[in-house]
Amino acid sequence: MSFRRTHYCGELRAKHVDEAVVVCGWVHRRRDHGGVIFVDLRDRTGLVQVVFNPEVTDARAFAEAERLRSEFVIKVEGRVRRRLPGMENPNLATGEVEIYADSLEVLNTAKTPPFAIDSYAAVDEALRLKYRYLDLRRFEMQETLALRHRVAKLVRDFLDSQGFWEIETPMLTKSTPEGARDFLVPSRVQPGEFYALPQSPQLFKQLLMMAGIDRYFQIVRCFRDEDLRADRQPEFTQLDIEMAFVDRDDVMALNEALVAFLFKEILGIELQLPLRRLPYQEAMDRYGSDKPDTRFGLELKDVSQVVKDTGFRVFSETVKSGGVVKGINVEGAGEKFSRREIDELGELASSYGAKGLAWMIVTQEGGKGGIAKFFSADELSRLFDTMAAKPGDLLVFVADKYEVCSDVLGRLRLYLGDKLGLIDHNRWDLLWIIDWPLFEYNETEGRWEAAHHPFTAPLPEDLELLETDPPRARAQAYDLVLNGTEVGGGSIRIHRRDVQEKMFAALGFSKEEAERRFGFFLEAFDYGTPPHGGIAYGFDRLVMLMAGKNSLRDVIAFPKTASAQDLMTGAPAPAMDSQLRELHIRLTAEAERRVQSLTLDGRK
RNA sequence: GGAACCGUGGUGUAGUCGGUUAACACACCGGCCUGUCAAGCCGGAGAGCGCGGGUUCAAGUCCCGUCGGUUCCGCCA
């Protein structure tokens, strides 16, 4: 059967007047005036008004039109007419014209959908996800999917023009050491053994460099079995890039050009290049974050030196025992905030891990409230100096280890920036965070770990530190931060076996363990590995920010809920006993009981 | 693993300090209607309040548990 569609609904304009057209789509809305019937016909390009007029339309088609309902799928043959003067609809791209229908074919009827496709009212997200194919019919969702497609297309165009090859890497692979929990896939053929789904193609892209591919990229699905957030899904997409014979500046320059290209093409924005580079340590000092939102102030100030001898013991003792006292000047909030709001800040600080939040309000006479009474006039004036405080300001302080102070105040800063409306949402704030530490301390495990991953090269001048003082070693790593969200991160990689072995040693891997986990990779170093480096973007996150969305679910066609379920397909679901047997898997008694109850309730 | 918020016709909401018939808008069904475009007018049907238990003379309203959604902490780069 041929549909002979001549145009998409949303593309009809005045220039098409008098043309005979065939359009197909869904009935978006229907206005039945008894005599004349208007149908807004929808496809992915937009709406066009179709007119069924008994004086023009043949009687059979008109009778059919009377039975049309929302979401019926129809084909209309007709003629494009200019709308009568005064009848144009400026809200519609096709509003200058309409189609006079000659014939109508109902290709499919439709039940009334569980929520309105044409409404902009918020719909319960669970319902949207259950009927995702209906949700995706909404213009807003289609626009986002189109944007995502265009970003992907432009990425491919740009990287192709720069000599990159798109190469696929395995989904069924071996666990890579990226800290997150792996999704495992049982092997039927090798009883008791498992594949891991990739957390990223890290090792493969380095092996491609070893293979002489020189420039590789991939838009690739990655998997991490950790709890979800608005900006975290268990399966997500990375834009993965790797290049050989490059240094840090080469990689950063290429990526700046890429991002500038995307911003210009998608958003019409000219980025100022090169992008700002902020050393990690400075970001932590000033913003308490390794992905600072620098669209607003409220910077952190270190007052340790000012308060180290004060009578307020919480402060002086902290400094004496090697901690720091840092604060934020919440400008104007001394007058604006109620006591209740200040207490809320304290509760927030506690929930972020602070022992407490010290505060005071700056007045003409000095300070009042909170901890003001513990300080002499002289101490207050030096404190206000450091904090750049003026009457009416609210000062908040955390006294603790450096890491705790930074983290707590960094989070409070974000909360306050939002609460006080200091964030300019029209600004695109892009910057690099560079000079990362190579290692970071894992409190729970009680050991040093790779801050980025164990293949990150140290700064050349810090190579020595790998053996003498690892915690001080800095990495040739760089993160790209957009409006306070990490959108990409990468590094120059280690390309010499001796350095890689030192790295493993610094991480406390025994020779045997390194051999067992990465033997194949270490061996590859012996066969001529070029210097190389790259980056990986959170593709969904990038699209989310460019689309102005707050949730990853809005830029993924079929996302999972916060409890990692797919409400449409019902995944995950119990497996059949026969499947489990083939895979050599037996459920625990607890899992067995749970599956039983799911089945009995009819939930699965 | 923890916390908070939410769950009332198909959808979005209201429902006060527990009180007798659960309200409104949209959608839906029928009728009228030849220029609307979130069409209009008239009429109608549709929920016992996520589920289970408890307190009470009486429970959308209070309590406990549970399921689901969302957000945050932990986790995750």
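Keep in mind that what you see is a predicted model, and the values were worked out from it rather than measured. Numbered from 1 within each chain, the chains take letters A, B, ... in sequence-line order.
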For Thr144(A) and Ala547(A), the nearest pair of non-hydrogen atoms, with its separation, is CG2-CB, 4.2 Å

Heavy-atom closest pair (Arg138(A) atom, Phe115(A) atom, distance to 0.1 Å) is CD-CE1, 4.2 Å

(message) Using a heavy-atom cut-off of 4.0 Å across all strands, would you classify Ala562(A) as base, sugar-phosphate, or nothing?
(response) sugar-phosphate

- Report yes or no: is the ring centroid of His33(A) under 5.5 Å from the six-membered base ring centroid of G35(B), with the two planes under 30 degrees? no

Item to complete: Select base, sugar-phosphate, or nothing to describe what Arg411(A) touches, counting heavy atoms under 4.0 Å on all strands.
Response: sugar-phosphate

In whole angstroms, the gap separating C1' of C72(B) from CG of Leu414(A) amounts to 13 Å

Expressed as a whole number of Å, how far does the P atom of U70(B) sit from that of C32(B)?
46 Å

Picking from A38(B), C29(B), G35(B), the nucleotide nearest the side-chain atoms of Asn89(A) would be A38(B)

Side-chain atoms of Arg553(A) come closest, of U71(B), G74(B), G35(B), to U71(B)

note: Asp32(A), atom CG; C28(B), atom P; distance rounded to Å ~ 12 Å

Please check if the distance between the ring centroids of Phe439(A) and Trp448(A) is under 6.0 Å. no

Please determine if a side-chain N or O atom of Thr112(A) lies less than 4.0 Å away from the OP1 or OP2 oxygen of A27(B).
-> no

inquiry  = Can a side-chain donor-acceptor contact be found between Ser289(A) and Arg411(A) if the only test is distance below 3.5 angstrom?
reply    = no

Testing U34(B), C37(B), G69(B) for proximity to the side chain of Glu125(A), the answer is G69(B)

Suppose you measure atom C1' in A27(B) against the same atom in A45(B); what distance do you get, rounded to whole Å? 13 Å

Here the distance between atom P of U70(B) and atom NZ of Lys560(A), to the nearest Å, is 13 Å

- Query: Looking only at atom P, what distance separates G9(B) and A47(B), rounded to whole Å?
  - Reply: 10 Å

**Message:** Between A59(B) and C41(B), how many Å separate the two P atoms, rounded to a whole number?
**Reply:** 40 Å

Pairing partner of C5(B), by Watson-Crick or G-U wobble and under 3.5 Å for both distances, is G69(B)

Practice problem: Indicate, with a heavy-atom threshold strictly under 4.0 Å, whether Glu440(A) touches base, sugar-phosphate, or nothing. | Solution: base

Practice prompt. Would you tell me if any nitrogen or oxygen in the side chain of Arg81(A) comes within less than 4.0 Å of OP1 or OP2 on G35(B)?
Written response: no

Open item on the list: Is Arg29(A) close enough to A39(B) that one of its side-chain N or O atoms is under 4.0 Å from OP1 or OP2 there?
Closed with: yes

Whole-Å distance, Gln565(A) CD to C67(B) P, equals 11 Å

Quick one: label Ala122(A) by what it contacts on the DNA or RNA (base, sugar-phosphate, nothing), any heavy atom closer than 4.0 Å. sugar-phosphate

Comparing nearest nucleotides in RNA chain B, the 5'-proximal residue of the pair Gly35(A), Val123(A) is Val123(A)

Closest heavy-atom pair, Met503(A) versus Pro454(A), reported as atoms and distance to 0.1 Å, is CG-O, 3.2 Å

- Query: When we call it a touch if two heavy atoms are under 4.0 Å apart, what does Glu55(A) touch: a base, just sugar-phosphate, or nothing?
  - Reply: base

To the nearest angstrom, the CG-C1' distance between Leu92(A) and G35(B) comes to 15 Å

Notebook entry, point to check: How would you label the contact of Phe183(A) with the nucleic acid (heavy atoms, under 4.0 Å): base, sugar-phosphate, or nothing?
Noted result: nothing

For U36(B), does OP1 or OP2 lie under 4.0 Å from any side-chain N or O of Gln49(A)?
-> no

Of all heavy-atom pairs linking Ala101(A) and Val76(A), the shortest is CB-CG1, 3.8 Å

In whole Å, what separates the P atom of G53(B) from that of U71(B)? 32 Å

In terms of heavy-atom contacts, Glu11(A) and Thr94(A) come closest through N-CG2, 4.4 Å

Tell me whether the side-chain N or O atoms of Tyr131(A) pair up with the base of G10(B) as donor and acceptor below 3.5 Å, since no angle test is needed here.
no

(Q) So Asp479(A), base contact, sugar-phosphate only, or nothing? Heavy-atom distance under 4.0 Å. (A) nothing

- Query: When the C1' atoms of U61(B) and G15(B) are considered, how many whole Å apart are they?
  - Reply: 9 Å

TODO: Mark yes when over 12 heavy atoms from residues, nucleotides or ligands other than Lys419(A) sit less than 6.0 Å from its NZ; otherwise mark no.
DONE: yes

Per atom distances to the Ala230(A) side chain, the nearest of C72(B), G69(B), G74(B) is C72(B)

Among the nucleotides G69(B), C28(B), U36(B), whichever has the atom closest to the side chain of Ala126(A) is G69(B)

- Same-atom distance (P) from A4(B) to G48(B), integer angstrom: 30 Å

In whole angstroms, the gap separating C1' of U71(B) from CG of Asp231(A) amounts to 11 Å

TODO: Confirm from the modelled atom types if Arg30(A) and C37(B) form a donor-acceptor pair under 3.5 Å, side chain to base only.
DONE: no

Note to self: So, does Arg229(A) get its side chain near the phosphate of C73(B), meaning an N or O under 4.0 Å from OP1 or OP2?
What the structure shows: yes

Worksheet item: Looking across every strand, which nucleic acid part, if any, lies under 4.0 Å from Glu347(A) by heavy atom: base, sugar-phosphate, or nothing?
Response: nothing

Quiz item: Using a cut-off of 4.0 Å on non-hydrogen atoms, how would the nucleic acid contact of Ile37(A) be classed: base, sugar-phosphate, or nothing?
Solution: nothing

How far, in whole Å, is G12(B) from G74(B) if one measures between their C1' atoms? 35 Å

*Would you say the side chain of Glu226(A) and the base of G74(B) hold a donor-acceptor pair, judged only by whether the two atoms sit under 3.5 Å apart?*
no

Winner on side-chain proximity to Leu127(A), out of U70(B), C76(B), U11(B), is U11(B)

Mate of C37(B) across any strand shown (Watson-Crick or G-U wobble, both atom pairs under 3.5 Å) is none

Closest to the side chain of Ser551(A), out of U71(B), A38(B), U36(B), is U71(B)

| Hey, does the side-chain of Asp227(A) have a donor or acceptor N/O within less than 3.5 Å of a partner on the base of G74(B)? | yes

Subject >> Contact under 4.0 Å: Ser563(A) side-chain N or O vs G69(B) OP1/OP2 >> reply: yes

Point to revise | Test item: Arg276(A) side-chain N/O and Leu430(A) main-chain N/O as donor-acceptor pair under 3.5 Å | key: no

- Considering only heavy atoms and no angle criterion, is a donor-acceptor pair shorter than 3.5 Å present between the side chain of Arg224(A) and the base of C76(B)? no

Regarding Glu71(A), tell me which of base, sugar-phosphate or nothing describes its non-hydrogen contacts under 4.0 Å with the strands shown. nothing

Picking from U36(B), U34(B), C76(B), the nucleotide nearest the side-chain atoms of Arg83(A) would be U36(B)

When rounded to whole Å, the CZ to C1' distance for the pair Arg69(A) and G10(B) reads 16 Å

Any donor-acceptor N/O pair, Asp429(A) side chain to Leu482(A) backbone, under 3.5 Å: no

Taken to the nearest whole Å, CG/Asp118(A) to P/A39(B) is 8 Å

Practice task
Looking at every strand, decide which applies to Asp290(A) at a 4.0 Å heavy-atom threshold: base, sugar-phosphate, or nothing.
Solution key: base

message = Check the phosphate of U36(B) against Arg31(A), side-chain N and O only, distance under 4.0 Å to OP1 or OP2. Yes or no?
response = no

Side-chain atoms of Met87(A) come closest, of U71(B), G74(B), U36(B), to U36(B)

